[in-house]
Amino acid sequence: MTDQWLRDGLAALDTALDEVLDLDAGLADARLPGRAAALTDALDDVLDLDAGLNAIVTRRHRSALLRFAHLLAARPPRDRLLARRWLPLGGLGAVRAAAEIDPSTRSALRALVHELDQALIVARASDNVREHGQDVTRLLVAFVDRAIDHARRAGIAPGIARNLDRIKKRIPVEESSRTTYELTAVQDKAMALEEDTNLGAALKYVLLLLGRHGDAGSLRQALESDLDDSGLIGREVVEGVRLVQRSVTDVTGADLTDADLGGIPLEGVRWSAATRWPAAWEDWVRHNSTRVGADLWEIRADGLTTDERAALT
């Protein structure tokens, strides 16, 4: 089946090449510009360039954010740097962090919150755990034990597991009101942690940060599209955010002499000896950068707002 699919794809590619190139007329054939799209489509059907020329499986990104990232990466360095004016890089970092969470970790966090709910029901129903006998105490301890187990399974909640273990040891001798108070505080932390790992919530957060910024229309549409599939596209979202972050951070070898850098947060931008900066900014960039490689520098924070920095140039 795969061999037949590949043969058919290669045959279609041969046909497309024949239509694009008139070898007798040479590469300057007048039909070449008009046939470029046909050639591109045929190549896309046979080759996945991201995976290498040996790949035979077509890759179509489900994540609109990843498609946006590829479009951004294809822009000139000047345009990519200017995007830092409106890109919520901190929010995108939160999206990446949420998307990188393993599904089993997210499941363990949900179970942790559920077990804490059950423990609180028992604790709140008792005016005093000691007055309601060992059965209530054992039930409460059992729920807390299961919550501890889920916290440890999550791997990112060791502090919560330690707090619950401490609470469990005091349950037989501590008043229910105190136990309820402490369990509620722990549950608040667990719920916040669960929320931080929710990709859909992270995408909504970035949308909120974008507001109605005029330059952010394409990104806003991509995020809104990914919200519908947030449970299925985590890996592509991670790839997309990484590509966005790299695109607006790496200007090695770029010619930025005509770029307007006013209002751009430059902290973290990396450049090389071949990078060309606007004359008014060159000294500032060199003075506020740290060498991080053989031919690589990174602009560090200087404590100034972008307006204050622009006023110095």
Side-chain angles (χ1 to χ4, degrees), residues 63 65 88 90-209 223-238 241:
S63 168
L65 175 58
L92 287 173
V95 166
R96 174 177 168 179
E100 287 177 330
I101 295 295
D102 186 270
S104 63
T105 296
R106 194 172 289 111
S107 177
L109 287 172
R110 284 196 297 268
L112 166 63
V113 173
H114 173 74
E115 294 300 335
L116 287 172
D117 273 335
Q118 302 307 304
L120 281 166
I121 290 173
V122 174
R124 288 167 179 160
S126 310
D127 293 330
N128 189 304
V129 172
R130 289 175 295 176
E131 294 179 1
H132 288 264
Q134 294 181 351
D135 289 342
V136 172
T137 298
R138 279 196 295 267
L139 182 60
L140 182 55
V141 168
F143 284 130
V144 173
D145 266 335
R146 285 200 287 268
I148 291 172
D149 181 60
H150 290 304
R152 289 173 176 162
R153 287 176 186 272
I156 59 175
I160 290 177
R162 288 193 297 269
N163 284 338
L164 288 174
D165 191 57
R166 176 179 52 79
I167 292 170
K168 183 188 74 171
K169 292 176 181 177
R170 297 208 305 262
I171 285 176
V173 297
E174 192 166 63
E175 288 187 359
S176 176
S177 59
R178 180 65 183 175
T179 300
T180 300
Y181 173 79
E182 292 183 340
L183 286 175
T184 300
V186 171
Q187 187 187 49
D188 288 343
K189 293 178 182 178
M191 292 175 67
L193 191 57
E194 182 189 15
E195 181 73 8
D196 288 343
T197 67
N198 186 302
L199 178 56
L203 291 170
K204 291 178 181 178
Y205 174 62
V206 177
L207 280 168
L208 182 64
L209 292 177
L223 295 171
E224 290 172 344
S225 175
D226 279 3
L227 268 172
D228 294 334
D229 292 324
S230 60
L232 305 172
I233 55 174
R235 292 180 63 185
E236 286 201 351
V237 168
V238 171
V241 174

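As a basis for the values below, the full set of heavy atoms in this structure was taken, side chains included, without hydrogen atoms, waters or symmetry mates. Numbering starts at 1 and runs along the sequence shown.
Using a 4.5 Å heavy-atom cutoff, the side chains of Leu109 and Ile101 are not in contact. Using a 4.5 Å heavy-atom threshold, the side chains of Glu115 and Asp149 count as separate.
Rounding to the nearest 0.5 Å places CD1 of Ile121 at 11.5 Å from CG of Leu116. To the nearest 0.5 Å, atom CD1 of residue Ile148 and atom CZ of residue Arg166 are 11.0 Å apart. Annotation: the span from Leu223 atom CG to Leu208 atom CG amounts to 12.0 Å, rounded to 0.5 Å. Atom-to-atom distance recorded for Arg110:CZ and Thr105:OG1 is 11.0 Å, nearest 0.5 angstrom. Atoms CG and NZ, on Leu207 and Lys204 in that order, are 9.5 Å from each other to the nearest 0.5 Å. Once rounded to the nearest 0.5 Å, the distance linking CG of Leu140 with OG1 of Thr180 reads 8.0 Å.
Glu236 places a side-chain N or O within donor-acceptor distance of the main-chain N or O of Ser63, the cut-off being under 3.5 Å.
Under a cut-off of 6.0 angstrom, the local environment of CZ in Arg153 is sparse, with at most 12 non-hydrogen atoms contributed by other residues, nucleotides or ligands.
Across all non-hydrogen atoms, the minimal contact from Lys168 to Val144 is CB-CG1, 3.9 Å. In this structure, Glu182 and Ile167 approach most closely via the heavy-atom pair OE1-CG1, 3.5 Å. Across all their heavy atoms, Ala147 and Leu112 have their closest contact at O-CD1, 3.2 Å. The two residues Val241 and Leu92 have their closest heavy-atom pair at CG1-O, 3.3 Å. Closest approach of Leu183 to Ala123, counting heavy atoms only: CD1-CB, 4.5 Å. Heavy-atom minimum distance, Ala202 versus Ala98: CB-CB, 4.1 Å.
Remark: Leu209 engages Pro88, Tyr205 in a side chain to side chain contact (heavy atoms under 4.5 Å, CB included) (not counting sequence neighbours).
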